[in-house]
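Following: one structure in structure tokens, then a few remarks.
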Amino acid sequence: MSIGYACLALGVKDSSMKTCMKKNASESRLKELIENNLDSLENLIDYNIKSGIKLFRISSDLIPFGSSPVNGLQWWKIYAERFSLIGNKIRENNIRVSMHPGQYTVLNSQDEEVVERAVEDLIYHCRVLEGLGTGNESKIILHIGGVYNDKKKSANRFSENCRRLPDNVRQRLVIENDDRSYNISDVLEIGKRLGIPVVFDNLHNSINPSSAEKTEEFWINECRATWSEKDGNQKIHYSQQAIDKRAGAHSESIDVKCFLDFYSVLGKKDIDIMLEVKDKNLSAVKCMNCVNGSGKMKSLEIEWSKYKYSVLEKSLAAYNEIRELLKEKRGYPAVSFYSILENALGYAENAGNAVNAAMHVFGYFKRDASEKEKERVLNRIDKYKKGEDGLQPLKKELQRLSLKYEKEYLLESYYFLLK
DNA sequence: CACCGTCAAGTCGCA
DNA sequence: TGCGACTTGACGGTG
């Protein structure tokens with residue numbers, strides 16, 4: 001049972017995927033980007049190892065224009081060794097990686113050229129995973145595609161086009177229910193027919209259900225039957241609806257109590273859970289800490305060191321409450337800890353609290369800073385207080401000085417990341 | 001250097 | 001028929 005996150009991590013240095021516009025995609029530019037992105041991938045994997053995260057989705061942006069004629073490089077050969085070295089880390093640490101082509105990869109399109117590009121794109125994704133040397137439990141997740149006014153016909157076209165895929169691609173392919181067209185029973189039918197494993201996505205299922213009566217548990221069990229030994233553990237996608245946003249929009253963070261309700265239904269089954277959430281690795285670590293009922297106090301203390309100024313920024317009361325909770329050192333209060341935290345981070349911005357937190361942070365380099373720098377910070381605070389400026393310019397300034405004076409403790413924290 | 005329009009892809013709903 | 005939404009951060013040009 002692993003919990004993971006998709007594509008990018010907050011607060012991990014040099015881990016972003018870079019790309020360019022088509023018109024700038026020269027060979028040399030592409031090489032630069034690929035080299036940067038492979039370095040980023042390695043940094044993400046190192047972070048996952050350090051954090052005990054065993055499930056990770058690799059961004060499709062790894063190789064810019066990876067399946068397009070725009071990129072004429074034989075990148076999988078040129079960077080074979082680089083791939084292999086990163087792959088070693090992945091395998092040695094039992095990390096399960098996957099990929100998920102975007103909404104524009106449509107294998108069942110009515111347009112033959114679109115289908116050809118989809119096939120190429122799936123080959124691209126497969127090349128990445130093969131380059132890393134991961135086994136067939138390392139999956140490529142795909143949606144069925146369009147309906148074109150005839151779901152049955154379009155589902156059949158998906159099946160036919162699936163058969164056109166090279167064998168190595170097909171062995172990695174898994175399919176997922178989507179939020180508008182193909183619900184979970186549609187996808188299960190296709191999956192069973194083709195012998196392709198099915199990923200259950202809870203949020204898509206709640207927006208686009210196949211039946212009002214059947215429970216999530218029922219569908220997860222149905223999907224379970226589509227996963228065989230060679231496919232590895234069953235995988236599911238879990239996300240929560242962002243309040244006040246379009247149906248299907250992912251929440252900022254995972255509400256830990258809701259997650260645990262969902263999780264308890266899964267029982268002791270070996271299911272890997274991919275979280276789809278804006279705060280990415282932060283929620284993955286949170287859920288991992290909460291699922292482990294007898295975890296280490298130390299891990300909560302590390303978490304607290306990263307979150308504390310973000311909490312203080314919203315609420316002094318919550319800040320003190322968590323301090324007391326951790327001071328007691330009784331049991332393992334992960335759920336209480338994160339519940340207070342989530343609640344506090346959800347508060348509206350409050351200038352008094354925000355300035356208080358900023359002053360705490362400022363305290364770390366107040367003595368080192370020049371008069372001019374101090375003045376800049378105080379000016380920012382003043383402007384913010386007067387409502388002439390937002391909070392971000394002030395925090396940007398504090399971040400700049402944290403970097404300059406190498407305040408690792410601050411730079412490791414989420415204070416500069418969370419809005 | 002901050003800001004913001006643009007990019008890249010395919011489908012679908014709506015004028 | 002054609003346009004905007006969907007999704008997404010980052011690119012890259014402008015002031």
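Side chains included, hydrogens not; waters and symmetry mates left out as well; all remaining heavy atoms used.
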Once you apply a heavy-atom cut-off of 4.0 Å, does Asn24(A) come out as touching a base, just sugar-phosphate, or nothing?
sugar-phosphate
Should Arg180(A) be listed as having a side-chain N or O under 4.0 Å from OP1 or OP2 of dA5(C)?
no
Side chain of Lys18(A) only, heavy atoms from C-beta on: which candidate in dG10(B), dA8(B), dC11(C) is closest?
dC11(C)
Under 30°, 30 to 60°, or over 60°: which ring-plane class applies to Tyr238(A) and Phe262(A), parallel, tilted or perpendicular?
tilted
Please give, in whole Å, the distance from dT11(B) P to Asp111(A) CG?
7 Å
State which of dG9(C), dC6(C), dA8(B) makes the closest approach to the side chain of Gln103(A).
dC6(C)
Looking at every heavy atom in both Ala284(A) and Ile53(A), which two are closest together, and how far apart are they?
CB-CD1, 4.4 Å
Tyr338(A): which of Asn289(A), Asp255(A), Asn343(A) passes side-chain hydrogen bond (donor to acceptor under 3.5 Å, both in side chains):
Asn289(A)
Rounded to the nearest angstrom, tell me the gap between atom CE in Met17(A) and atom P in dC7(B).
24 Å
Gly146(A) near the nucleic acid: base, sugar-phosphate alone, or nothing, with a heavy-atom cut-off under 4.0 Å?
sugar-phosphate
Base, sugar-phosphate alone, or nothing: which one does Ser109(A) contact when heavy atoms must sit under 4.0 Å apart?
sugar-phosphate
Rounding to an integer number of Å, can you tell me how far Leu8(A) CG sits from dT8(C) C1'?
10 Å
Of the candidates dA10(C), dT11(B), dG10(B), the side chain of Ser16(A) sits closest to dA10(C)
Return the nearest nucleotide to the side chain of Lys23(A); candidates are dG13(C), dG10(B), dC11(C).
dG13(C)
Could you work out which one of dG9(C), dA8(B), dG12(C) sits closest to the side chain of Lys278(A)?
dG9(C)
Provide, to the nearest angstrom, the distance between the CD atom belonging to Gln399(A) and the P atom belonging to dC1(B).
14 Å
Starting from the C-alpha separation in whole Å, work towards a yes-or-no answer on side-chain hydrogen bond (donor to acceptor under 3.5 Å, both in side chains) for Arg193(A) and Ser159(A).
CA-CA 8 Å; Arg193(A) 192 166 62 216; Ser159(A) 304; 2.9 Å; yes
Ser68(A) side chain near dA8(B) phosphate (N/O to OP1/OP2, under 4.0 Å):
no
